[in-house]
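Values reported hereafter were calculated over all heavy atoms of this structure, with side chains retained and with hydrogens, waters and symmetry mates removed. From a predicted model like this one, the values you see are computed outputs, not experimental measurements.
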Amino acid sequence: FEDIANSISTVAQTSRTLDPSYIKEMTENAITLRDTFGFDIQESMRASNMLMDQFGVTGTEAFNLIVQGAQSGLNKNGDLLDSINEYSVHFKQLGIGAEGMFNAFSNGAFSGTFSVDKLGEAVQEFGIRVKDGTGDEAFKTLGLSANNMKKAFTQGGEAGQKAFEQVTQKLFAMQDPVKQNTLGVQLFGTTWEDLGKEGIKALSDITGEFDKTYDAMNQVKNVQYNDVGSALEGLKRTLVSNIVLPISENITPAVGDAVNRLREAFGDGGPLAGMAHAFGRKLSQAIKKTG
């Protein structure tokens, strides 16, 4: 009871809606992530809300992507949810969607990068250098207009994504490794040195198998709760959330009202006050005789 109540409370406090069916679904999703991957419920909801806010996905689609990310090993260092919260806005500014961000994380991780946080930091550093003019010289060297690049990245969406692809394609097409390294640092800062050419190249690839519509969440539920103990635990949660809690919510006011009425009846001045006092005297006398 306490687990369900606390989980529902956490989800309700972090949700943008009071719709009971939505809160129920999100609570089930968050509990499943906790039981399967060890994700904190509040952190799962924060990451889900961030994906919804930045990329316009639904809560269900957000959890589907988080599940796919965990299954792909993106949380091997325990920083997947934090990376989603911190870097989603920077991917969005480059015109990269939710699926593209997860694909970038996945491609970068499979290139040998030890942390998705470092991959997200590279995108952040690139965005900073676009805005503050640090990357202007690099754009010119690549044969690109710094002003046009800034306008495209400011516009975001498809324009920002095409601009990012244009920059990275020209950068990785350079034949001189020394010049390429110099421009890489100008555009990505120290993350270019940390990740190396291959890491950044993999990060810039936003194609892959992540699919927000793939029903990964329900598949995990079916696997996670397929043994007898887990099934009974899941059944208990269903009974409590769908039957016991609603019943208790309905009878609690009635019980409280009945208790108040009895208190008033037997209290001083109440219609049954004399009976209560007489019973108390008789009980006291009986105790003294037996003592």
Side-chain angles (χ1 to χ4, degrees), residues 1-76 78-89 97-99 101-102 105 116 210-253 255:
F1 289 178
E2 183 179 358
D3 180 34
I4 295 173
N6 289 337
S7 299
I8 291 176
S9 175
T10 299
V11 172
Q13 290 174 23
T14 55
S15 295
R16 277 29 174 220
T17 177
L18 297 178
D19 180 5
S21 61
Y22 175 83
I23 293 175
K24 177 178 178 294
E25 180 187 357
M26 293 302 102
T27 302
E28 290 177 352
N29 291 344
I31 288 176
T32 302
L33 282 185
R34 182 197 64 188
D35 292 350
T36 308
F37 303 109
F39 289 152
D40 178 77
I41 289 179
Q42 186 171 16
E43 293 303 310
S44 295
M45 286 302 301
R46 285 183 60 219
S48 172
N49 287 335
M50 180 61 71
L51 292 171
M52 294 167 65
D53 291 342
Q54 296 300 325
F55 304 113
V57 302
T58 66
T60 299
E61 291 170 341
F63 273 105
N64 281 336
L65 289 172
I66 293 173
V67 167
Q68 292 172 57
Q71 291 174 327
S72 299
L74 298 185
N75 194 51
K76 61 183 179 180
D79 54 4
L80 175 58
L81 298 183
D82 287 338
S83 297
I84 292 171
N85 282 317
E86 186 171 357
Y87 301 117
S88 289
V89 61
E99 293 163 321
M101 180 179 74
F102 276 88
F105 281 155
V116 293
F210 278 85
D211 182 356
K212 62 187 179 185
T213 65
Y214 178 65
D215 197 14
M217 187 76 252
N218 279 328
Q219 291 194 20
V220 169
K221 290 179 184 177
N222 293 335
V223 172
Q224 176 65 24
Y225 304 117
N226 68 343
D227 61 277
V228 174
S230 296
L232 290 175
E233 186 70 18
L235 175 60
K236 183 185 76 173
R237 286 177 178 145
T238 300
L239 290 173
V240 170
S241 61
N242 290 344
I243 299 177
V244 178
L245 289 181
I247 289 177
S248 65
E249 290 173 357
N250 289 327
I251 68 172
T252 296
V255 172

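Side-chain contact check for F39 versus N75: some heavy-atom pair is nearer than 4.5 Å. Here the side chains of F37 and Q71 are in contact, with some heavy-atom distance below 4.5 Å. Contact of the L65 side chain with the E99 side chain is registered, since non-hydrogen atoms from C-beta on lie closer than 4.5 Å. Between L51 and F102, the closest side-chain pair of non-hydrogen atoms falls below 4.5 Å. Taking the side chain as every heavy atom from C-beta outward, Y214 and Q219 approach each other to under 4.5 Å. Here the side chains of V116 and Y87 are not in contact, with every heavy-atom distance at 4.5 Å or above.
For the residue pair D215 / N218, a side-chain donor-acceptor distance below 3.5 Å is found, with atom types taken as modelled.
In this structure T36 satisfies the side-chain contact (heavy atoms from CB on, under 4.5 Å) test together with T32, V220, Q224, sequence neighbours excluded. Qualifying side-chain hydrogen bond (donor to acceptor under 3.5 Å, both in side chains) partners for T60, counting only residues two or more places apart in sequence or in other chains: E25. Take E43 and apply the salt bridge (charged side-chain N to carboxylate O under 4.0 Å, His left out) test, not counting sequence neighbours, and it matches R46.
Looking only at distances, no side-chain donor or acceptor of N85 sits under 3.5 Å from a matching main-chain atom of M50. No donor-acceptor pair under 3.5 Å is formed between the side chain of S48 and the backbone N or O of S44. Judged purely by atom type and a 3.5 angstrom limit, N29 has no side-chain atom pairing as donor or acceptor with the backbone of L33. At least one donor-acceptor pair under 3.5 Å links the side chain of N64 to the backbone N or O of K212.
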List the steps and the verdict of side chain to side chain donor-acceptor pair (under 3.5 Å) for S72 and Q68.
CA-CA 6 Å; S72 299; Q68 292 172 57; over 6 Å; no
